[in-house]
There are 2 protein chains.
Amino acid sequence: MSTHGRTLPRRLKRESSSEQVAEHIRRLIMSGELVKGERLRQEDLAEELGVSRIPVREAIIALDREGWLDFESNRGAHVAGLAADDIRDHYELRGLVFGLLARRVVETATDEDVKALSALAAEMKRAPDIVEFAVTNERLIRQIVRLAASPRLTAALLVTPAIMHHDFYEFVPTGRKNQEAGVAAFMRALKQRSADGADTAMRTMLRRQGQAVLAAFTASGVVGRE
Amino acid sequence: MSTHGRTLPRRLKRESSSEQVAEHIRRLIMSGELVKGERLRQEDLAEELGVSRIPVREAIIALDREGWLDFESNRGAHVAGLAADDIRDHYELRGLVFGLLARRVVETATDEDVKALSALAAEMKRAPDIVEFAVTNERLIRQIVRLAASPRLTAALLVTPAIMHHDFYEFVPTGRKNQEAGVAAFMRALKQRSADGADTAMRTMLRRQGQAVLAAFTASGVVGRE
DNA sequence: GCCGCAGACAATGCATACAATATCGTCTAC
DNA sequence: GTAGACGATATTGTATGCATTGTCTGCGGC
């Protein structure tokens, strides 16, 4: 799995089989190999991946809670699929929320906080590969959330459970560019202590990300067959 | 384990053991019997509930994704716990989002839609017990979401994963009253086609619910020991 | 006295095996 | 010919057992 020498920097816990299986299935969905409504048979997946059905079941349960699958007792798991509206709304919401967070950051962050965020933004720009980029980006987001909101719920509700995942940027070509530009705009606004500017930067970035995701997922067939 | 005669009315799919275990653990947390940081040992729970460790593991994974537990590979599951800020932010967000949804409903709903919502609101008021109330309320929320937003993501992000669950109202004394009053206010605004009114109704209701939840969870000890 | 390491113990992760449930085809009755 | 019931098969749900990993205790070295 490790494509680069030091696998996932500052990543402490190793991934269990269940987590790997979940990642695999997420990829299948994002890449369009699994389309909406398609049924996942536990045994097939288990055999295909060389594990037993237990980790497959555990992955399915996690993906059900994340919204990728619909899992009904004794009736199997089906790909939930996404509609164009889902994506639009999802990113509109993210924009709303992160705009609010950005405002709070501008209002409350100390100079040190700004410096720390700045450093992370710079690190993102230098990231040699997409994985490191994603990891750093996640740290930046966490930092913003930590400064602006309760640590757990906002993060859990709006960062974890959805479309943003480690392999997200692989499937959305312009994702990294958008993200970097948005972060840069946010940092400029933050340094000028402009709450409005920070809010706008976040909303704009997330609107663009939404469009990019929609384009990518439409191309791969994840979206559209409603 | 079933302590009440007619288990959950109009529940089509029977609950698997995993789901029952998850519900059990959620209750333990909400009632304060499990406090933040406390570790859950799979075998103990299994024995206590008379099942094997498999359904317990599956429940733990689901609760991890819902945010109730922190589950790390090979290191066990710990109660995540809530901070007062978590609750405040959670409800502020819900207010933001449902305010937006309420606006959209006012702008797009047909007379028939209004009638249907009205019927559900009336049914809520008539509900003889708290379970039926919760079920009807959920149908109403789903209806609103369906009218106003993409069906899946908004619902998945903001309804499912968190504090609202079937046994929520048992733990929050004034929950039902607040909810009914808020729905009534929303319906009045809707009938007058007042987007602002609907928005305000939702925000107000959710602010109050947040306060009620905070009070209840502080009393039970779920919140506070940070 | 403190740090690091080795072994035993405890708890988790996963595979196998069996039980429960759904699904589909077939047969019978009308 | 069609509807309903019954069984065969496919698939999921759960229990048990072993392998793996984390944790704790006690010893030796610095």
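The figures that follow rest on heavy atoms only: side chains count, while hydrogens, waters and symmetry mates do not. All chains are named by letter (A, B, ...) in the order of the sequence lines, taking the proteins before the strands, and each is independently numbered beginning at 1.
Across the protein-nucleic acid pair, B/His78 atom NE2 and C/dT12 atom C1' stand 12 Å apart, rounded to whole Å. Atom CD in A/Glu19 sits roughly 14 Å away from atom P in D/dT21 (whole-Å rounding). Atom CG in A/Asp44 sits roughly 7 Å away from atom P in D/dT11 (whole-Å rounding). To the nearest angstrom, P of C/dT12 lies 14 Å from CG of B/Asp64.
When all heavy atoms are compared, the tightest approach of B/Val114 to B/Ala109 is CG2-CB, 4.4 Å.
As judged by a 4.0 angstrom heavy-atom cut-off over every strand, A/Leu40 is placed among residues touching the sugar-phosphate backbone only. Using a 4.0 Å heavy-atom distance criterion, B/Ile60 is classed as making no nucleic acid contact. Within 4.0 Å (heavy atoms only), A/Arg57 reaches at least one base atom of the nucleic acid.
Each of C/dT12, D/dG13, C/dA15 was ranked by its minimum atom distance to the side chain of A/Ile54; first place goes to C/dA15. Among D/dG13, C/dA15, D/dT12, the nucleotide with an atom closest to any side-chain atom of A/Phe71 is D/dG13. Picking from D/dG22, C/dA11, D/dT14 the nucleotide with the shortest atom distance to the side chain of B/Arg75 gives D/dG22. The nucleotide whose nearest atom lies closest to any side-chain atom of A/Arg39 is, among D/dT14, D/dT11, C/dC14, D/dT11.
In this structure, A/Glu38 places its CD atom where more than 12 heavy-atom neighbours from other residues, nucleotides or ligands lie under 6.0 Å away.
When the side-chain nitrogen and oxygen atoms of A/Ser52 are compared with OP1 and OP2 of C/dC14, none of them lie within a distance under 4.0 Å. In this model, the phosphate group of D/dT14 is approached by a side-chain N or O of B/Ser18 to a distance below 4.0 Å at OP1 or OP2.
Residues A/Ile29 and A/Leu63 have side chains not in contact (no heavy-atom distance under 4.5 Å, counting atoms from C-beta outward).
Looking only at distances, no side-chain donor or acceptor of A/Glu132 sits under 3.5 Å from a matching main-chain atom of A/Asp129.
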